[in-house]
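Because the structure is a prediction, the values reported are computed rather than measured.
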Amino acid sequence: HIKTRACYERLADGTADNDDFDLVAMALNLAKVRALEIDQALANLLEVGQDAMAAIRRRHDKWAKWEVLPAERTAIVDALDAHEAITDASSPLQMMAALDVVRRVIKQQMRRP
């Protein structure tokens, strides 16, 4: 959790690199997969965080700088709190299964034109 929070802090203060963004995004994606098995409201909270991350990525792609708006900060921090709770309550096997799902989705997205 410490590494993920450090990556988020760099993202929030504009000093992040692509790896920092990717680590935070992956954490939220993993948590969303697990949340879908646990509670829809929890999954919805994580989706708001994912949407905020997507907006940050779009701005970075356009202007080549990391910028996190105040509403996005709130959404991402809430999602990271949920990620930590989910990760702490999940077994390693459950997290590995979630990682497999995330990898499969990423591969599918990369194949799209």
Side-chain angles (χ1 to χ4, degrees):
H1 302 318
I2 293 169
K3 185 174 182 178
T4 305
R5 290 288 179 160
C7 290
Y8 167 72
E9 289 303 322
R10 288 189 294 274
L11 191 63
D13 71 16
T15 63
D17 60 21
N18 285 334
D19 290 340
D20 291 327
F21 178 90
D22 291 345
L23 194 141
V24 174
M26 181 60 80
L28 299 189
N29 292 341
L30 283 169
K32 171 77 177 290
V33 170
R34 286 288 298 127
L36 288 168
E37 299 171 349
I38 298 167
D39 179 67
Q40 187 59 49
L42 185 58
N44 293 344
L45 180 144
L46 282 152
E47 189 168 332
V48 173
Q50 288 176 311
D51 291 345
M53 292 294 290
I56 292 165
R57 171 55 85 187
R58 285 190 300 274
R59 278 195 302 280
H60 181 268
D61 290 347
K62 186 173 183 177
W63 296 310
K65 70 176 194 169
W66 298 111
E67 180 184 15
V68 182
L69 303 178
E72 294 164 346
R73 288 176 194 268
T74 301
I76 294 168
V77 168
D78 289 349
L80 285 173
D81 290 344
H83 164 263
E84 290 172 4
I86 289 167
T87 301
D88 290 347
S90 297
S91 73
L93 187 60
Q94 289 170 315
M95 294 307 293
M96 289 301 295
L99 181 58
D100 288 343
V101 170
V102 171
R103 284 181 179 153
R104 201 168 38 247
V105 169
I106 290 170
K107 285 179 183 177
Q108 288 172 351
Q109 290 175 343
M110 290 174 71
R111 282 183 272 212
R112 291 184 190 157

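By the criterion of side-chain heavy atoms lying less than 4.5 angstrom apart, applied directly or through intervening Ile, Leu, Val, Met, Phe, Trp or Tyr residues, Leu30 is not grouped with Ile86; the two fall into different hydrophobic clusters. Val102 and Leu28 are not part of a single hydrophobic cluster, where members link through side-chain heavy atoms under 4.5 Å apart. Linking ILVMFWY residues whenever their side-chain heavy atoms come closer than 4.5 Å, directly or via other members, places Met26 and Val33 in the same cluster. In the hydrophobic cluster analysis, where Ile, Leu, Val, Met, Phe, Trp and Tyr join through side-chain heavy atoms closer than 4.5 angstrom, Met95 is grouped together with Ile106. Put simply, Met53 and Val77 are part of the same group of oily side chains (I, L, V, M, F, W, Y) that touch within less than 4.5 Å, one to the next.
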Query raised in the report: Which is it for Trp66 and Arg57 under the side-chain contact (heavy atoms from CB on, under 4.5 Å) test, yes or no, and what are the steps along the way?
Result: CA-CA 8 Å; Trp66 298 111; Arg57 171 55 85 187; 3.6 Å; yes
**Report entry** Verdict with supporting geometry, Trp63 and Arg58, side-chain contact (heavy atoms from CB on, under 4.5 Å)
**Finding:** CA-CA 9 Å; Trp63 296 310; Arg58 285 190 300 274; over 6 Å; no
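To the nearest 0.5 Å, atoms OG1 (Thr4) and CG (Leu23) are separated by 4.5 Å. Rounding to the nearest 0.5 Å gives a distance of 10.0 Å between SG of Cys7 and CG of Leu80. Atom CD of residue Gln108 and atom CE of residue Met110 lie 12.5 Å apart, to the nearest 0.5 angstrom.
A salt bridge is defined here as a Lys NZ or Arg NE, NH1 or NH2 lying under 4.0 Å from an Asp or Glu carboxylate O, and Lys62 with Glu67 fails to meet this definition. Ion pair Lys3/Asp20 not flagged as a salt bridge, since none of the NZ, NE, NH1 or NH2 atoms sits closer than 4.0 Å to an Asp/Glu carboxylate oxygen. Between Asp100 and Arg104 there is no salt bridge, since no side-chain nitrogen of the basic residue lies less than 4.0 Å from a carboxylate oxygen of the acidic one.
The side-chain heavy atoms of Asp78 and Val48, taken from C-beta on, include no pair separated by under 4.5 Å. Here the side chains of Ile76 and Ile56 are in contact, with some heavy-atom distance below 4.5 Å.
Using cut-offs of 30° and 60° on the angle between ring planes, the pair His83 and His1 is perpendicular.
Considering all non-hydrogen atoms of both residues, Ala79 and Gly49 come closest at CB-CA, 4.0 Å. The two atoms that bring Ala55 and Glu72 nearest to each other are CB-OE2, 3.4 Å, heavy atoms only. Closest of all the heavy-atom pairs between Leu42 and Ala35 is CG-CB, 3.9 Å.
Under the side chain to side chain contact (heavy atoms under 4.5 Å, CB included) criterion, Glu47 pairs with Lys32, Gln50, Asp51, sequence neighbours left out. With sequence neighbours left out, Gln94 forms a side chain to side chain contact (heavy atoms under 4.5 Å, CB included) with Arg34, Ser90, Ser91.
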